[in-house]
Amino acid sequence: MPTDLRLSLTLDDIVSSWGHHTRLTSSRGRAMLSELLARIETNGWVEPKINFKVYPVVSSGPGWIELPGRSRLFSTALRHHLPGALYVAAGVCTIGAALEQQVSNWFAAGDRLRAVLLDEIGTLAVFRLGDQLEERIQAEARERGMDASGVLSPGEDGFDISQQAPILELACGAEIGVWQTATGMLIPRKSVSVLVGFGTHMPHWSRAERCARCGARERCPHRRPQMIEVAK
Amino acid sequence: MEDHGKQLIQHIADMQEEEAAKLAREMLDSGYDPVKLLGHCREAMEIVGKRYEQGEYFLPELMLAGEMLKAIGDMAKPLIPQDASDGQAAGTVVIGTVQGDLHDIGKNIVVFMLEINGFKVVDLGIDVPIAKFVDSIKEHKPQVVGLSGFLTLAFDAMKKTVEAIREAGLRDHIKVMIGGGQVDDTVKIYTGADAFGLNAMDAVSLCKHWVPT
Ligand code: B12
């Protein structure tokens, strides 16, 4: 799997992801962000890793697809979002456990502003890494002479979290140190899993479109045009 | 002096940390009523909360404002006569992200805001087993229990946690608030909680309402 992942986040990326009119322009806020970016670099707190595998679709029906070895994925989203997929790519990405460990340490020590800032940088980093994962999967589809659908993640509307287990297994998460709890939560926490369909004329949707149809949209603190811009 | 009050509110609301601290110090040094000064801080925090809700501010601003409040509170509280502020926590809250969910930053912010507002908070962390909530309630005897969860799946864990609290005979002594994700009145009824909150400010208001100081 690719090792040349770059997650070069800058101070401007972060500040603009929070909205251009953010008032976190106080010298302390900015200084803290710069300090955190430097510490992430020095301490290797972000260790980006991605993995994905491609499988042929053996058969499909309303709300399910079958892959080799009789493994089946179930979701009402499949028919609508991956119509006629010939292959699917199951993928997972993570920034590793070091950053979240540091966030916990700082929270426990009462250094909460630092903890929240680092956590937000971590979230932005996974979003970015997720985009890189999607790009690699798209490139793989092109190499196979097909096009790739947009990204579906278990737990999203219409794609039950119960499908996290098979997806993580198909993506061989263990190869990059990602495993899951009994309820399908990924460890390290700053990880995301995806399913993408390959075929001809696959429907594609961007992160912005995904965001637009998310049920949590109205209340989402990340629902900022700038965030979507940065994530793109 | 009234102008100073307004100025202080503005400094805090506008994230002018150094100016806010300096002005608060000056006001207290020149004999300004510390209780009144804390009132200004609360007013400023409400403005910050509104700006956050409207998307003008993001999480860091909320935290920064909280830190300013804490710093100013630390200056003002020693000047308040003992009977007006007996140094006791406003109340105890046991809180955690329910079993099966790992999204915790929302809960952490709630913890922070409750602490700033004088509550003792026992934070049980993430993916908290039901039994751990029950044990912690027995140990810490909180007035309020907060259940956080961002996944739809978390609603079942919230319901089971509330049921277990009831089965342990502890439900009548506490108020349960839920938050995170898509909580609403239906989820509140489903889980058997007393109330839901959309943000950290709601959590503080609920606790203040239930545990009057
Ligand atoms: C950031 C985020 C992530 C990050 C970081 C997670 C982490 N632990 O650090 C990353 C990208 C890693 C992630 C991954 C995943 N996520 Co996620 N994530 C989010 C996102 C965008 C924001 C959540 C958040 O942290 N908000 C920040 C807080 C501070 O904001 P807030 O909600 O305003 O917080 C306030 C309230 O919640 C309230 N509050 C919170 N707790 C409490 C408690 C009480 C008592 C009260 C009164 C109030 C209260 O007060 C807070 C402060 O004001 C949400 C979308 C959303 N709109 O919520 C999805 C979301 C929660 N994630 C989701 C999913 C599915 C996942 C994944 C399973 C996807 C996947 N297949 O990979 C993974 C699982 C990760 C894992 N480890 O297993 C879904 C859940 C769907 C559902 N309804 O079940 C959501 C809704 C997105 C979506 N629609 O797809 N996620």
Side-chain angles (χ1 to χ4, degrees), chain A residues 14-15 17-19 21-30 32-33 100 103-104 106-108 110-123 155-157 160-162 164 180-191 214-227, chain B residues 11-21 48 51-68 70 97-109 111-113 115-116 123 125-127 129 149-154 156-157 179-184 198-199:
Chain A
I14 298 160
V15 173
S17 78
W18 293 335
H21 43 241
T22 181
R23 305 273 181 100
L24 195 79
T25 44
S26 76
S27 45
R28 189 157 82 99
R30 284 194 163 247
M32 210 181 257
L33 279 174
E100 66 198 40
V103 170
S104 301
W106 277 336
F107 258 113
D111 200 349
R112 297 194 159 114
L113 179 59
R114 228 184 221 90
V116 166
L117 292 180
L118 185 63
D119 191 272
E120 280 300 324
I121 297 175
T123 295
E156 267 180 24
D157 295 345
D160 200 84
I161 191 78
S162 64
Q164 182 78 282
Q180 60 187 319
T181 66
T183 48
M185 290 280 92
L186 307 172
I187 309 275
R189 261 183 276 167
K190 296 282 187 208
S191 308
C214 174
R217 181 177 164 74
E218 282 310 310
R219 294 188 192 161
C220 184
H222 291 92
R223 180 178 52 99
R224 280 149 211 272
Q226 293 85 353
M227 182 67 179
Chain B
H11 282 326
I12 300 175
D14 288 349
M15 302 289 122
Q16 291 160 335
E17 203 184 0
E18 280 143 35
E19 290 85 342
V48 173
R51 289 184 181 170
Y52 175 72
E53 273 167 33
Q54 288 158 358
E56 189 179 334
Y57 281 174
F58 199 38
L59 299 175
E61 282 97 346
L62 203 63
M63 302 297 283
L64 194 60
E67 288 207 341
M68 282 190 250
K70 187 168 184 318
T97 298
V98 293
Q99 189 153 35
D101 201 344
L102 301 182
H103 289 84
D104 67 343
I105 205 75
K107 183 259 306 160
N108 290 345
I109 290 164
V111 171
F112 177 67
M113 287 299 164
E115 283 179 353
I116 295 283
D123 181 0
I126 52 170
D127 198 4
F150 282 78
L151 298 169
T152 309
L153 183 93
D156 284 323
Q182 298 307 295
V183 293
D184 58 13
L198 297 183
N199 52 49

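Here is how names work: the chains are called A, B, and so on, in the same order as the sequence lines, proteins then strands, and each is numbered from 1.
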Asker: Using non-hydrogen atoms only, which part of Val48(B) is less than 4.5 Å away from chain A: side chain, backbone, both, or neither?
Answerer: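 For Val48(B), no heavy atom lies under 4.5 Å from chain A.
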Asker: Is there side-chain contact between Gln99(B) and Thr183(A), with heavy atoms separated by less than 4.5 Å?
Answerer: no
Asker: Who among Ile109(B), Val183(B), Asp123(B), Val111(B) has the most heavy-atom pairs with chain A under 4.5 Å?
Answerer: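 The answer is Val183(B).
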Asker: Please classify the contact between Leu102(B) and chain A as side chain, backbone, both or neither, with a heavy-atom cut-off of under 4.5 Å.
Answerer: both
Asker: Side chain, backbone, both or neither: which part of Asp127(B) has a heavy atom under 4.5 Å from chain A?
Answerer: side chain
Asker: Among Thr152(B), Leu62(B), Ile126(B), who wins on heavy-atom pairs under 4.5 Å with chain A?
Answerer: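 Most heavy-atom pairs within the cutoff with chain A belong to Ile126(B).
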Asker: Please report the interatomic distance CD(Glu67(B)) to CG(Asp111(A)), rounded to the nearest 0.5 Å.
Answerer: 7.0 Å
Asker: Less than 4.0 Å between a side-chain N and a carboxylate O, is that true for Arg112(A) and Glu115(B)?
Answerer: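 Yes, charged N to carboxylate O under 4.0 Å.
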Asker: Working to the nearest 0.5 angstrom, can you tell me the gap between Ile161(A) CD1 and Leu153(B) CG?
Answerer: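 Nearest 0.5 Å value for the CD1-CG distance: 7.0 Å.
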Asker: If we only count heavy atoms from C-beta on, is the Val116(A) to Asn108(B) side-chain gap below 4.5 Å?
Answerer: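 Val116(A) vs Asn108(B): side chains apart.
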Asker: Which atoms of Leu198(B) come close to chain A, meaning under 4.5 Å heavy atom to heavy atom: side chain ones, backbone ones, both, or neither?
Answerer: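 For Leu198(B), the side chain is the part near chain A, not the backbone.
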Asker: Given that the side chain runs from C-beta out, which part of Gln182(B) has a heavy atom under 4.5 Å from chain A: side chain, backbone, both or neither?
Answerer: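 Both parts, backbone and side chain.
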Asker: CG of Asp104(B) to CZ of Phe107(A): how many Å apart, nearest 0.5 Å?
Answerer: 7.5 Å
Asker: Please classify the contact between Asn199(B) and chain A as side chain, backbone, both or neither, with a heavy-atom cut-off of under 4.5 Å.
Answerer: neither
